[in-house]
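Scroll down for the structure; my scribbles are underneath it.
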Amino acid sequence: MGCFCATAMEPLASQLSRLREPGETAVDPVAAQKVTAVSDWLAARTLPAEPWRPDPAWQDLRLPTPLLPPGALATIAGLAHLRAQALSQFGTDLLDPAQADAFRRIIATMNDRFRRQPPQRVDAREWMKLAAQNDAADRVARALKDSLLKPSAEQFEDYNEPGGVPIRQWGGLLRPLRRLAPLIAAARQLDADVVDPAQLADALRQLSRLKLPPLEAPEQIQELGSALSAVQRLRSSLRENPLERGLAHTRERVRWKLEAVEQALARTVPVEHDGVEHLLTRLPRLPVTPTTLATAAVVQAAEQADKLAALAWKVPEQLPLVYTGLTTCALVEQLKDALGTSPVRARPCDSHCDAAALLRAAKLGAAKLPAVAA
């Protein structure tokens, strides 16, 4: 079993108090605007990434296209990701009814802790803005290091003619592959065989019938999760704890990085005017790069997915349990990073733990959730 320990709330409140410290150093808006625009341009092309190196024989493949609408595919992907997250974070397999109780218990106890000791509200906007600017600087810095913003003739050819074939001629493979990829990933995460859709359908039906306690403070939890996610990304990139160094120091670090990247960008892609639009016109003509999508393993699985693509399951486009479950997993992981230890305990801390009683109460109040129909 497992429970969200009440002892985590006091150190959490202490850490959150640091999120509200005022900052003093302004980020250069011109540098931020330029770096963010180039980062968005790169992201739209899934760059930085290694050139895609397809097998020329894939040109002759004719892959099936799934009948399911995008919303249904998103639900399937969410259910499969939820199972994978619960398994990796808590060792809890949601396909096992006995183990699913442990996940319900985590949510039930988390709800109780936040109800009894609600942490002060946090305005995450400043931290989220800093994290986004830092993410953009990192993306552009990597692209500059890889010479993607001033590619050699050989690099340019590698990206625009993968496998010796112009990228536009790969559409017949890539269009259905993008639709099939969520189904293939879900089958792998649910230990199902792509040639036997019944295995995937059975696992999805079982997952969709989970009865999880709804989050009692979803807006506050979402707000807290957004702030901690921003801090987590900044910590990983800057290699220091923003909660310890403070907002002003962190903003200064991001300002330095943005200005350095903007100067490197100006040396690599010199422009006559300061406008962002003019800068974007000077960037090389690089296509969307499907390096991580169209791997040999995914293409091989897609070749065998005719029956998987032909199914037309009645899958709800939204399942509350997917939001509840994934939000819980994300928040616990972010709290683990912020606190230096997981707030979820594998077993009760002492004989006075109320986890069992809270789980019983949550079961009595659980609403019936819609199921996936084959």
Side-chain angles (χ1 to χ4, degrees), residues 1-22 82 85-86 89-92 100-128 131 210-235 241-247 250 320-321 323-367:
M1 303 298 284
C3 61
F4 193 102
C5 191
T7 61
M9 299 308 292
E10 185 174 342
L12 170 60
S14 175
Q15 291 282 24
L16 291 184
S17 66
R18 299 177 179 181
L19 285 175
R20 290 184 289 275
E21 293 180 1
L82 174 57
Q85 287 295 101
Q89 285 184 237
F90 312 119
T92 299
D101 259 358
F103 194 63
R104 295 188 190 95
R105 181 165 159 163
I106 291 169
I107 298 174
T109 50
M110 184 177 75
N111 278 337
D112 180 75
R113 310 316 180 207
F114 275 81
R115 182 174 59 250
R116 291 175 182 269
Q117 297 175 269
Q120 292 184 7
R121 299 295 293 266
V122 173
D123 186 349
R125 289 175 297 181
E126 186 67 14
W127 287 98
M128 291 171 64
L210 281 173
K211 296 178 181 179
L212 300 180
L215 299 178
E216 294 189 8
E219 291 184 4
Q220 185 178 7
I221 288 175
Q222 186 69 44
E223 186 179 68
L224 175 59
S226 296
L228 291 176
S229 173
V231 170
Q232 189 179 47
R233 284 149 48 206
L234 287 164
R235 180 176 185 169
N241 189 346
L243 293 179
E244 294 178 355
R245 302 307 298 268
L247 181 61
T250 303
L321 71 93
Y323 169 78
T324 298
L326 289 178
T327 300
T328 299
C329 289
L331 182 61
V332 169
E333 188 64 22
Q334 290 153 0
L335 288 171
K336 180 181 178 181
D337 183 74
L339 301 176
T341 182
S342 176
V344 171
R345 306 290 183 254
R347 56 186 58 85
C349 298
D350 55 49
S351 60
H352 301 293
C353 182
D354 56 359
L358 290 171
L359 176 58
R360 286 194 296 271
K363 282 185 175 180
L364 291 173

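Sequence positions, counted from 1, serve as the residue numbers for this chain. Keep in mind that the numbers below use all heavy atoms, side chains included, and drop hydrogens, waters and symmetry copies.
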Provide the closest heavy-atom pair for [X] versus [Y] in the form atom of the first, atom of the second, distance.
{"X": "Ile106", "Y": "Cys3", "answer": "CG1-N, 4.3 Å"}
{"X": "Ala338", "Y": "Leu228", "answer": "CB-CD2, 4.0 Å"}
{"X": "Ala8", "Y": "Pro343", "answer": "CB-CB, 3.7 Å"}
{"X": "Thr92", "Y": "Ala102", "answer": "OG1-CB, 4.1 Å"}
{"X": "Leu82", "Y": "Cys329", "answer": "CD1-SG, 4.4 Å"}
{"X": "Phe4", "Y": "Thr109", "answer": "N-OG1, 2.8 Å"}

Would you indicate whether the side-chain heavy atoms of [Y] and [X] approach each other to under 4.5 Å?
{"X": "Phe103", "Y": "Leu210", "answer": "no"}
{"X": "Thr328", "Y": "Leu212", "answer": "no"}
{"X": "Leu12", "Y": "Gln117", "answer": "no"}

Just jot down the side-chain hydrogen bond (donor to acceptor under 3.5 Å, both in side chains) partners of [X], sequence neighbours excluded, or say none.
{"X": "Arg233", "result": "Asp135"}
{"X": "Gln334", "result": "none"}
{"X": "Gln89", "result": "Gln85"}
{"X": "Asp112", "result": "Arg115, Arg116"}

Hey, could you give me the [atom1]/[atom2] distance between [X] and [Y], rounded to the nearest 0.5 Å?
{"X": "Trp127", "Y": "Thr250", "atom1": "CH2", "atom2": "OG1", "value": "4.0 Å"}
{"X": "Met128", "Y": "Leu234", "atom1": "CE", "atom2": "CG", "value": "11.5 Å"}
{"X": "Leu321", "Y": "Leu326", "atom1": "CG", "atom2": "CG", "value": "9.0 Å"}

Identify each donor-acceptor pair in which a side-chain atom of residues 218-227 lies under 3.5 Å from a protein atom, sequence neighbours left out, and give them as a table.
| from | atom 1 | to | atom 2 | distance (Å) |
| --- | --- | --- | --- | --- |
| Gln220 | NE2 | Pro119 | O | 2.7 |
| Gln222 | OE1 | Tyr323 | OH | 3.3 |
| Glu223 | OE1 | Arg121 | NE | 2.9 |
| Glu223 | OE1 | Val122 | N | 3.4 |
| Ser226 | OG | Gln222 | O | 3.0 |

Counting only heavy atoms not in Glu10 (residues, nucleotides, ligands), do more than 12 fall under 6.0 Å from its CD?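 No - once you tally the heavy atoms of other residues, nucleotides and ligands closer than 6.0 Å, there are 12 at most.
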Looking at residues at least two apart in the chain, or sitting in another chain, which of them share a salt bridge (charged side-chain N to carboxylate O under 4.0 Å, His left out) with Glu333?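 With neighbours one apart ignored, the set is empty.
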Donor-acceptor under 3.5 Å (Arg113 side chain, Cys5 main chain):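 Checking the backbone N and O of Cys5 against the side chain of Arg113, no donor-acceptor pair under 3.5 Å is found.
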